[in-house]
2 protein chains.
Amino acid sequence: MSEPSVNAPRRPSKGERTRARILDSATELFSRSGFNAVSLRDIAAHAGLTHAGLLHHFPGKEAVLIEVLSRRDRIDAQSVFPGIVRPGTPEPGPGERLRRLVGLVARNSGTPGIVGLYAKLSAEATDPGHPAHHYFKERYRVLREEVTVLVEALQAEAGAPARSAPETVARQLLALMDGLQTQWLLEPEAVVMEEVVRDFLRGLGFLPGDGAGGAGVSG
Amino acid sequence: MSEPSVNAPRRPSKGERTRARILDSATELFSRSGFNAVSLRDIAAHAGLTHAGLLHHFPGKEAVLIEVLSRRDRIDAQSVFPGIVRPGTPEPGPGERLRRLVGLVARNSGTPGIVGLYAKLSAEATDPGHPAHHYFKERYRVLREEVTVLVEALQAEAGAPARSAPETVARQLLALMDGLQTQWLLEPEAVVMEEVVRDFLRGLGFLPGDGAGGAGVSG
DNA sequence: GTCTATATCGCGATAGAC
DNA sequence: GTCTATCGCGATATAGAC
């Protein structure tokens with residue numbers, strides 16, 4: 001049987017290994033120097049082939065970037081919303097999902113290179129016709145839906161009647177996280193993204209206030 | 001006497017007029033087609049000179065963009081925080097400044113081209129060494145300070161004790177506005193930036209809530 | 001001081017040989 | 001699947017015309 005079953009990892013072909021090598025090289029170089037400063041020739045050389053050889057695996061430079069970022073997206077999403085990546089997987093409870101989401105914000109502070117790429121590409125991709133346009137539209141749609149569901153659950157748990165529509169709060173939270181990244185990238189030492197996000201969530205009643213402890217989401 | 005006094009508008013020199021013509025052309029072309037799709041040769045041709053001639057007035061393409069945006073910045077800032085542009089000018093009251101700030105968000109919905117340029121440049125400019133890096137650092141510093149002062153005043157007016165530090169709220173508001181632009185640019189018909197910002201401000205007690213009972217979220 | 005012409009560079013992308 | 005060769009383009013530098 002050389003037919004692999006759906007979930008069994010099979011031996012990668014040579015092409016797949018080259019592709020992976022290219023993505024690893026691109027991730028490293030993009031993270032270090034950004035998108036514009038890195039040429040296809042740089043990536044190809046780092047991966048051990050020529051730029052024309054690289055373009056056999058990817059249609060263009062931006063396609064490489066999109067693949068780099070969507071690979072990371074998949075990893076991040078899996079940690080917060082496992083159901084996105086593996087449909088049917090049961091999501092953790094709302095409190096746990098929120099904890100993981102804030103943890104993701106904190107973890108991003110360790111990879112300014114990637115965060116910067118994300119900020120740049122998501123801005124460029126607002127242009128219809130940009131190769132990553134549909135990817136980002138879809139990304140925001142999925143994230144907004146997941147966060148909306150999360151907010152609904154948190155509002156229900158919070159007890160007090162919800163002041164705002166869950167979709168609106170979801171938009172606010174995602175916008176806040178994105179906008180904070182820009183401020184943090186400009187002045188990394190002056191901003192603690194995680195703290196600002198926590199403060200916002202506290203205002204919504206999703207995290208205990210800084211006085212007497214509330215419902216147990218400590219430390 | 002052909003000596004103009006300090007504040008009297010004097011006849012612009014030929015160079016200054018050329019410079020202004022270049023900026024007008026660049027604004028129009030950038031707004032219509034974005035940054036990457038427009039070449040220096042396009043801008044120069046539209047302004048009636050060659051691309052090398054243009055480069056006698058600006059060191060490079062990005063310098064042109066920075067000038068285009070900072071010119072707009074000056075106009076916008078003047079409408080909300082007159083004191084920034086003309087030091088010593090008395091600011092309007094907090095309520096009025098907040099009203100103008102929200103009005104600016106609403107007005108931005110009329111110029112997606114410029115908003116997009118802003119989103120793209122502010123992301124690119126997070127890279128230290130980018131020609132606009134210092135401009136954006138300074139821009140955020142000034143905006144954050146002005147908004148912090150505004151938030152302090154609004155918190156005092158709101159009566160209830162402030163839950164968050166004014167600087168934090170200022171960061172949140174600016175981040176929210178920036179992040180919303182990305183979402184709006186991706187799906188202009190699905191987002192009403194002004195409404196989401198108002199909702200956020202309502203949650204802070206800076207705008208009147210809708211009715212009393214809290215259950216006012218319809219639709 | 002203002003602008004043009006030209007020459008050169010490195011880039012992304014394509015075509016076709018192997 | 002990878003190469004060499006080549007194209008067109010944007011960006012840049014220099015020399016010099018007005």
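Every value quoted in this text rests on a predicted model; they were computed, and no experiment measured them.
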Could you check whether T50(A) gets within reach of a base, just the sugar-phosphate, or nothing at all, counting any heavy atom under 4.0 Å? base
Testing the basics here: between Q183(B) and A175(A), what is the closest heavy-atom pair and its distance to 0.1 Å? NE2-N, 3.3 Å
Is there a donor-acceptor pair under 3.5 Å between the side chain of Q172(A) and the backbone N or O of V196(B)? yes
Determine whether L101(A) and L173(A) satisfy the following criterion, side chain to side chain contact (heavy atoms under 4.5 Å, CB included), listing intermediate values before the conclusion. CA-CA 11 Å; L101(A) 190 63; L173(A) 180 55; 3.8 Å; yes
With distance as the sole criterion, is a donor-acceptor pair present between the side chains of S39(A) and D42(A) under 3.5 Å? yes
Does a side-chain heavy-atom distance below 4.5 Å link L207(A) with L98(A)? yes
Show every donor-acceptor pair shorter than 3.5 Å between a side-chain atom in residues 111-129 of chain A and any protein atom, with sequence neighbours excluded, or say none if there are none.
| unit_1 | atom_1 | unit_2 | atom_2 | d |
| --- | --- | --- | --- | --- |
| T111(A) | OG1 | R72(A) | NH2 | 3.2 |
| T111(A) | OG1 | N108(A) | O | 3.4 |
| Y118(A) | OH | D73(A) | OD1 | 2.7 |
| Y118(A) | OH | D73(A) | OD2 | 2.4 |
| Y118(A) | OH | R139(A) | NE | 3.1 |
| S122(A) | OG | Y118(A) | O | 2.9 |
| S122(A) | OG | A119(A) | O | 3.1 |
| T126(A) | OG1 | A123(A) | O | 2.6 |

If you count every heavy atom of other residues, nucleotides or ligands that lies below 6.0 Å from R17(A) atom CZ, does the total exceed 12? yes
Scan residues 55-62 of chain A against DNA chain C and write down, sorted by residue number, each residue with any heavy atom closer than 4.0 Å; if none is found, say none. L55(A), G60(A), K61(A)
Under the 3.5 angstrom rule, does the side chain of R97(A) hit a backbone N or O of V80(A) as a donor-acceptor pair? no
Pairs touching residues 178-193 of chain A that satisfy salt bridge (charged side-chain N to carboxylate O under 4.0 Å, His left out), sequence neighbours left out: E187(A)-R144(B)
Heavy-atom donor-acceptor pair, Q78(A) side chain to I75(A) backbone, under 3.5 Å: no
Anything under 4.0 Å to a heavy atom of chain B counts; send over the first and last such nucleotide of DNA chain D, read 5' to 3'. dG10(D) to dT12(D)
Please list, in numerical order, the residues of residues 116-128 of chain B that have a heavy atom closer than 4.0 Å to any atom of DNA chain D. none
Assess, by modelled atom type and distance only, whether the side chains of D199(B) and S164(A) contain a donor and an acceptor separated by less than 3.5 Å. yes
Side-chain (R21(A)) to main-chain (A47(A)) donor-acceptor, under 3.5 angstrom: yes
Per the end-axis method with five pairs at each terminus, what is the bend angle of the helix from dG1(C)-dC18(D) to dC18(C)-dG1(D), to 10°? 10°
Would you mind telling me which residue lines up with the more 5' stretch of DNA chain C, H51(A) or R21(B), judged by nearest nucleotide? R21(B)
Between R171(A) and E167(A) (salt bridge meaning N to carboxylate O under 4.0 Å), is one present in this structure? no
